[in-house]
There are 2 protein chains.
Amino acid sequence: MYPGREEVGQRSETVRRANLSAIVRELHLRGPLSRSELVARTGLTRSAIRALVGELVAGELVAEEAAVRLGTPGRPSPLVRLVPDGAVVLALEIAIDSLAVAVVGAGGVVHELERVDRPRGHLSLDEVVADLVELAALARSRRPAGEMPIRVAVAVAAIVSRADGLVRFAPNLGWVDVPLGARLAEALALPVPVEVDNESDLGALAEFRRGAARGADDVLYVHGEVGVGGGIIVDGRPLDGIGGYGGEIGHMPVNPDGRSCRCGSTGCWETEVGEGALLTRAGYALDGGREAIDQVLADAAAGRPAALAALDSVGRWLGIGLAGLVNILNPRRVVLGGLFSRIHPFVVDRMDLTLDHYALAAPRRLVSVVPSTLGVDAPLLGAAEMAFEPLLDDPAAWLGPRGALVQLESA
Amino acid sequence: MYPGREEVGQRSETVRRANLSAIVRELHLRGPLSRSELVARTGLTRSAIRALVGELVAGELVAEEAAVRLGTPGRPSPLVRLVPDGAVVLALEIAIDSLAVAVVGAGGVVHELERVDRPRGHLSLDEVVADLVELAALARSRRPAGEMPIRVAVAVAAIVSRADGLVRFAPNLGWVDVPLGARLAEALALPVPVEVDNESDLGALAEFRRGAARGADDVLYVHGEVGVGGGIIVDGRPLDGIGGYGGEIGHMPVNPDGRSCRCGSTGCWETEVGEGALLTRAGYALDGGREAIDQVLADAAAGRPAALAALDSVGRWLGIGLAGLVNILNPRRVVLGGLFSRIHPFVVDRMDLTLDHYALAAPRRLVSVVPSTLGVDAPLLGAAEMAFEPLLDDPAAWLGPRGALVQLESA
DNA sequence: ACCGGTTTGTGTTCCTCTCTTGCAAATGCC
DNA sequence: GGCATTTGCAAGAGAGGAACACAAACCGGT
């Protein structure tokens with residue numbers, strides 16, 4: 001129903017492609033499955049599954065193992081699993097306080113993960129790119145020689161134009177209209193595309209696929225750091241918007257006569273729930289970074305009134321903002337990431353009560369607000385998930401003629 | 001990419017179904033097309049198009065006409081068009097001030113349209129259903145005897161649970177948890193399903209398909225009446241949310257310490273931009289209905305300060321609310337419907353300026369805010385569009401064996 | 001402990017569905 | 001009349017479905 005763009009005609013090859021895609025996607029998302037489970041999941045016949053899996057096995061993307069006996073009657077069905085080294089991606093992240101890189105294999109296996117602290121403040125594109133390239137080299141050096149990721153993806157704390165890999169606005173880095181994707185592609189010198197996306201959008205994807213929002217088709221991921229970012233999943237698909245700028249929930253006006261925001265607007269949500277709001281209300285200096293937040297949490301745990309009051313206020317404004325978003329989006333699950341995940345125990349009561357008041361009853365009843373399960377790595381893992389999309393979408397393009405995994409040129 | 005639910009396996013029939021659907025959908029959305037244009041649009045071969053169109057012609061859903069000569073060289077291509085009487089739907093609307101019914105033919109041809117004023121205030125379900133049935137009978141009486149709509153859809157100013165046709169909350173009608181769909185189906189006594197949806201969601205669909213948002217894949221429709229409703233299109237698909245309650249933008253908190261809202265919350269957007277806010281600020285009584293609004297607009301046209309100030313305030317709050325929505329959704333187009341369409345000339349400047357301040361630069365640049373082109377009929381026409389979906393989705397199910405248009409039982 | 005019956009699943013062959021390819025004919029502008 | 005475009009038709013290729021035989025494990029009775 002309601003296809004987005006021009007529906008192009010289908011042909012026999014389309015069917016095969018869609019079916020291969022369905023199998024690989026199931027394996028990627030749910031882990032190893034027996035052939036008969038694949039039959040049940042896809043609705044295809046044994047013959048078809050057999051042929052399709054055979055093709056994937058020949059292409060060394062998946063492997064079949066001896067049947068596991070699980071107490072069920074009948075002939076055991078061979079287990080089909082993605083081979084973790086069959087296809088890997090390189091995921092990068094530029095966060096406020098750290099840089100990270102990961103090599104992730106098909107099925108979501110994290111082969112390598114490196115995260116290093118990063119001083120806050122403005123750094124040049126060159127510096128950041130150089131650091132990332134070094135990290136990537138380190139991670140890749142521990143992998144089999146000659147291993148080539150099928151794609152590279154970067155999560156960055158910024159407003160990003162996905163189509164061209166341009167960082168539009170990154171106040172924490174001091175970047176405006178910076179060609180991150182192109183520069184990184186050049187510096188990495190890998191013969192594969194480099195994609196760039198917002199860290200909150202990718203955090204949403206990761207929590208949706210492998211975290212706290214698994215199984216929910218409508219998801220809102222709210223990422224608190226210095227600013228507040230959001231990632232939205234609608235009916236299983238990321239909400240990107242026309243320019244890929246969707247999900248900038250931190251700049252939703254909730255208090256139009258309130259404080260001015262670094263985006264130039266006034267009363268944005270992040271001026272009430274961001275790191276700065278918490279620190280200011282708790283009586284700390286703004287430039288304390290993570291240590292200051294740690295201090296606030298320690299104070300709160302110790303029962304100090306200033307910290308508790310600050311957290312209470314953040315909890316209230318969290319509830320107010322989420323109420324609006326719940327009314328607009330009617331999600332099944334809201335996942336709190338970053339700062340919000342850390343303060344969750346201290347704010348949950350106030351937040352829930354506020355949500356009860358400000359949200360409509362019907363959508364409120366259906367939503368659950370939970371902290372992130374992937375923690376700081378959510379955006380990084382989301383980048384990996386995004387990087388796998390082309391493979392999941394068209395596995396045949398990655399199956400070499402004689403079983404070698406090669407990348408075919410595609411439009 | 002990113003399929004929402006379990007991707008079911010595809011088979012040959014799936015291909016045919018998808019291709020038939022693509023053809024019918026193109027014809028429905030773009031109007032008559034030559035066979036060769038269909039070839040270009042779908043990417044299928046002439047032979048395939050020939051066979052598919054032939055099947056549709058045999059089923060009397062489409063007709064082929066003599067080629068039009070348009071000065072192009074080559075053999076002229078026959079024009080394929082949906083026959084307007086081939087499949088029709090019955091669309092109904094329960095608005096604040098009126099009831100309406102339409103009989104719409106494939107391709108969006110409005111055969112009949114009746115709208116009658118309705119007194120404001122609480123009416124029982126029985127009364128409303130009886131009125132609608134009467135209106136429907138009137139409209140259908142002017143149509144060929146024996147004509148049977150393929151589906152019925154109702155737009156209603158309420159929070160609706162689409163899945164079961166339940167009206168959850170309709171403050172203007174005084175309804176809570178009312179089984180509108182079931183009762184209407186019973187009273188109409190037509191052997192076809194009756195669907196119920198929110199009038200703003202359907203207005204969005206209509207403006208997206210045939211109105212001011214045509215060609216834009218990411219759309220926000222904002223409907224002002226007593227309350228404020230919204231309809232959201234994301235990448236060409238309606239944003240329903242998990243319970244179908246999505247798009248309730250009227251209850252987004254924009255002024256959490258402001259007035260209390262009839263939904264039970266405080267500072268909802270509609271308390272600042274709804275009809276009540278406008279009337280109150282302009283110094284009129286709240287129960288004036290449409291006449292009072294007319295008076296405010298007349299006053300404004302005459303330059304009376306109170307009316308101008310009230311409109312200015314509404315314009316400002318419109319800009320504030322839209323800024324949040326633009327940041328969250330990054331739409332290509334925002335369509336103002338209902339009350340907002342009427343006051344648009346008076347508020348556009350203030351609204352645009354406010355939007356400039358409160359919205360992020362990147363998404364702001366890409367969006368255009370325009371008044372509705374379908375006016376009061378947008379929700380009604382949206383209901384028709386929704387009612388046509390099953391046909392567009394699977395035309396074969398509506399092609400009888402010998403060319404008669406019959407509805408097949410489907411899961 | 002043994003031994004068929006039952007259940008579940010595989011392998012293989014042939015069939016059907018659907019679109020593509022290739023060639024010849026038709027049509028209308030220049 | 002030449003050329004470009006499109007149609008119509010018949011043969012061909014790709015892909016999954018259906019049916020049958022067989023294999024492997026569980027289950028219960030003896």
Side-chain angles (χ1 to χ4, degrees), chain A residues 7-24 32-59 62 64-80 394-397 399 401, chain B residues 7-24 32-58 62-80 394-397 399 401:
Chain A
E7 190 93 348
V8 82
Q10 300 216 348
R11 48 196 73 177
S12 312
E13 318 153 25
T14 322
V15 173
R16 192 166 194 80
R17 175 182 147 169
N19 286 341
L20 277 175
S21 168
I23 291 174
V24 173
L33 294 170
S34 72
R35 270 207 212 171
S36 61
E37 283 174 309
L38 283 174
V39 167
R41 284 241 151 71
T42 59
L44 297 173
T45 59
R46 298 177 259 289
S47 321
I49 291 293
R50 176 182 142 73
L52 293 165
V53 169
E55 186 171 336
L56 293 171
V57 169
V62 314
E64 281 190 300
E65 293 177 8
V68 281
R69 61 202 73 189
L70 274 169
T72 64
R75 177 173 175 171
S77 189
L79 202 64
V80 182
D394 187 11
L399 297 174
Chain B
E7 190 93 348
V8 82
Q10 301 216 345
R11 48 196 72 181
S12 313
E13 317 154 22
T14 322
V15 173
R16 192 166 193 81
R17 176 182 146 169
N19 287 340
L20 277 175
S21 168
I23 291 174
V24 173
L33 295 169
S34 72
R35 269 207 214 170
S36 62
E37 283 173 308
L38 282 173
V39 167
R41 284 240 152 72
T42 59
L44 297 173
T45 59
R46 300 173 249 295
S47 311
I49 291 293
R50 174 183 142 72
L52 293 165
V53 169
E55 185 171 339
L56 294 170
V57 168
V62 314
E64 282 190 299
E65 292 178 8
V68 281
R69 58 203 76 187
L70 273 167
T72 63
R75 178 173 174 171
S77 189
L79 201 65
V80 183
D394 187 11
L399 297 174

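Residue numbers begin at 1 in each chain, while the letters A, B, ... track the order of the sequences. These values consider heavy atoms only, across backbone and side chains, with no hydrogens, waters or symmetry-generated copies.
The CG atom of B:N19 lies 6.0 Å from the CD atom of A:Q10; values are rounded to the nearest 0.5 Å. Once rounded to the nearest 0.5 Å, the distance linking CG of B:D394 with OG1 of B:T14 reads 10.0 Å.
With rounding to whole Å, A:L79 atom CG is found 12 Å from C:dT10 atom P. At whole-Å resolution of the value, CG in A:L38 and P in D:dG16 are 14 Å apart. We find that CG of A:L44 is positioned 16 Å from C1' of C:dG9, with the value rounded to whole Å. Rounded to a whole Å, the CD atom of A:E37 is 16 Å from the C1' atom of C:dT10. Whole-Å rounding puts the A:I49 CD1 to D:dA18 C1' distance at 16 Å. If you measure from atom CD1 of A:I23 to atom C1' of D:dG16, you get 12 Å, rounded to the nearest angstrom.
Looking at every heavy atom in both residues, A:S34 comes nearest to A:L79 through N-CD1, 3.6 Å. Nearest heavy-atom pair across A:I49 and A:R35 is CG2-O, 4.2 Å.
Distances were taken from every side-chain heavy atom of A:S77 (C-beta onward) to each of C:dT20, C:dT18, C:dG9; the shortest belongs to C:dG9. You'll find that the side chain of B:E13 is closest to C:dT18, out of C:dT18, C:dC19, C:dG9.
A:S12 pairs by the side-chain contact (heavy atoms from CB on, under 4.5 Å) definition with nothing, not counting sequence neighbours.
Contact between the side-chain N/O atoms of B:N19 and the OP1/OP2 oxygens of C:dT18 is not found at any separation under 4.0 Å. Close to C:dC19, at under 4.0 Å from its OP1 or OP2, lies a side-chain N or O of B:R16. OP1 or OP2 of D:dT6 has at least one side-chain nitrogen or oxygen of B:S36 nearer than 4.0 Å. A:R35 has a side-chain polar atom (N or O) that falls below the 4.0 Å cut-off from OP1 or OP2 of C:dG11.
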Between N or O atoms, less than 3.5 Å apart, protein on one side and nucleotides 21-25 of chain C on the other: list the pairs.
residue: C:dT21; atom: O4; partner: B:S47; partner atom: OG; Å: 2.9

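A distance-only check finds a donor-acceptor pair linking the side chain of A:S77 to the backbone of A:S36 [under 3.5 Å].
Across all strands shown, A:R50 has heavy atoms under 4.0 Å from base atoms, whether or not it also approaches the sugar-phosphate.
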TODO: For side chain to side chain contact (heavy atoms under 4.5 Å, CB included), just list the numbers for A:R16 and A:L52, CA-CA rounded to whole Å, side-chain angles, deciding distance to a tenth of an Å, and then say yes or no.
DONE: CA-CA 8 Å; A:R16 192 166 194 80; A:L52 293 165; 3.8 Å; yes
